[in-house]
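In what follows, chains carry the letters A, B, and so on, assigned in the order in which the sequence lines appear, proteins first and then strands, with residues in each chain numbered from 1. Since the model is a prediction, treat every value here as computed from it, not as a measurement.
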Number of protein chains: 2
Amino acid sequence: MVSTLTREETREAILDATDYLLARYGYRKMTVDDIAQEAGIGKGTIYLHFASKEEVTLSHVDRIVERLKERLWAIARTNADVAIRLRLMLVARVLFRFDSVQHYTQSLNDLLAALRPKLLARRARYFEEEARVFAEVLGEGKRAGAFNVKDALSTAFALLHATNSLLPYSLSTTELGERDEIKEKTEQIADLILSGLLRQRDAPATTTTATRPPRRRR
Amino acid sequence: MVSTLTREETREAILDATDYLLARYGYRKMTVDDIAQEAGIGKGTIYLHFASKEEVTLSHVDRIVERLKERLWAIARTNADVAIRLRLMLVARVLFRFDSVQHYTQSLNDLLAALRPKLLARRARYFEEEARVFAEVLGEGKRAGAFNVKDALSTAFALLHATNSLLPYSLSTTELGERDEIKEKTEQIADLILSGLLRQRDAPATTTTATRPPRRRR
DNA sequence: TTATGACTGAAAGGCGTTTTTAGTCATAGG
DNA sequence: CCTATGACTAAAAACGCCTTTCAGTCATAA
């Protein structure tokens, strides 16, 4: 029987099924047969798209990070003041992770237990990809003379590191508190750092830096 | 047989033995009999000092944090410029943790697997105690007019959070890189934040803030 | 009054058997 | 001829049962 779906659609259907089952049963209890059934395809078909159950799951994680990046870009492309954009991006990043963890609560420990080495191997890549979005905005602020930044990319890394301890990579390490509390802390750190980045002439205003003459990007 | 050691010395001997055995065998493989033998006392004696094997181990962790606090205080009491002290303290804190993890490499996963809930319960306390030392220095900088700080304690929390993702709480989450690399990143973050804390009149100098007229503490 | 180590119940560690499941591949369908 | 499928298989996980280990106790010794 020829499927009515395109190759890409089938792939997405598999990942959607994975998302549902992972959140519901966790990695260990989710079987490849389950995925096939949930996606409404044969088991063998999954192996035409992915090399293994591991690969399916890792691709699913990749997709999540991809969506985070899209959200960050959406903010980065705004015409708000660069400082405000950065602040919003930092908060969005932390809250996105928070919500993800919330969504996969039960399954996260399970997932980490099974795929920790593979996930660690990818973490550096994720981190770098996210940092690039931040670097873009930092670079823009630098060129506009708003930011006192030497190397945009390494400053971006420092920025992400600074808020990283707030985002719960794993329930096992970080028991997550209230969403609002995490948001507040992120904002606090963001302000602390941003006040250092802002050039002196802008500095007086501490927290609520006013919107500056907009510069359109892209 | 009456021991030749004071109560306090016995307690320390037990913790020393724990330190040795934990680093060598890890939590699960370390038996209470081992501890007694290593400390040169009877098994029952351990239960005159601690309620359980767990308690022994947690007290051992407490002692490590206590030592970190002492090291932080040692720097805090220096008469160097407040900004430099803060920078040194941040680096010292991260490297202290790094070295601890290095020392207990094998045992850490084991320890976390067994005592994670209990350790998480204490983490907030540890964090707060360390923050107090930082707040002390921040407060001093504020009074001296060097720092632009509202609430010293909450700024201290933000500072610690900002470098927290660099310190390997658990090998399971964070594969640790090179010591030098971690040191460098910490310094970078510290500088980023400190440049925001420094009052405008001081700001021009970015990285190597010169030593200021010393103010003795304590 | 303090220290000890033999003792005990509960939990961890084998281990052989049964069940589950990831991944394959011969076959069916278009 | 090319894609999708699900029965099949080898490997791993789960289970049940027995043995050993060990945290914590307590009667006795110093």
[X] [atom1] to [N] [atom2], straight-line distance once rounded to whole Å:
{"X": "A:Y47", "N": "D:dT9", "atom1": "OH", "atom2": "C1'", "result": "13 Å"}
{"X": "B:K53", "N": "C:dA12", "atom1": "NZ", "atom2": "C1'", "result": "12 Å"}
{"X": "B:I46", "N": "C:dT2", "atom1": "CD1", "atom2": "P", "result": "18 Å"}
{"X": "A:L115", "N": "C:dA22", "atom1": "CG", "atom2": "P", "result": "13 Å"}
{"X": "B:I14", "N": "C:dA3", "atom1": "CD1", "atom2": "C1'", "result": "12 Å"}
{"X": "A:F50", "N": "C:dA22", "atom1": "CZ", "atom2": "C1'", "result": "16 Å"}
{"X": "B:L48", "N": "C:dA3", "atom1": "CG", "atom2": "P", "result": "6 Å"}
{"X": "A:H49", "N": "D:dA4", "atom1": "NE2", "atom2": "P", "result": "6 Å"}

- Message: Looking only at side-chain N and O atoms, does A:D110 offer a donor or acceptor that is under 3.5 Å from a partner on A:S107?
- Response: no

- Message: Does either side chain, that of A:R97 or that of A:N164, offer a donor lying less than 3.5 Å from an acceptor on the other one?
- Response: no

- Task: Without swapping roles, check the side chain of A:E9 against the backbone of A:T6 for a donor-acceptor pair under 3.5 Å.
- Result: yes

- With no hydrogens and no angle check, is any side-chain donor or acceptor of B:R87 less than 3.5 Å from a backbone partner on B:A190?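 No, the answer is negative, given that no donor and acceptor are paired below the 3.5 Å cut-off.
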
- Task: Indicate the ring-plane relationship of A:H161 and A:F127, choosing parallel, tilted or perpendicular according to the 30° and 60° boundaries.
- Result: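 It falls in the tilted class, 30° to 60°.
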
- Query: Using the benzene-type ring in the case of Trp, are the ring centres of A:H60 and A:Y27 under 6.0 Å apart?
  - Reply: no

- Message: Check this for me: B:E129, atom CD, are more than 12 non-hydrogen atoms of other residues, nucleotides or ligands nearer than 6.0 Å?
- Response: yes

- Message: For A:Y27 and A:G44, find the nucleotide of DNA chain C closest to each by heavy atoms; which residue's nucleotide sits nearer the 5' end?
- Response: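 So the residue in question is A:Y27.
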
- Query: Is the phosphate of D:dT5, meaning OP1 or OP2, less than 4.0 Å from a side-chain N or O of A:T45?
  - Reply: yes

- Message: By the 4.0 Å heavy-atom rule, please label B:K43 as base, sugar-phosphate, or nothing.
- Response: base

- Item | Close residues, residues 28-40 of chain A, relative to DNA chain C [heavy-atom separation under 4.0 Å] | A:M30, A:T31, A:V32

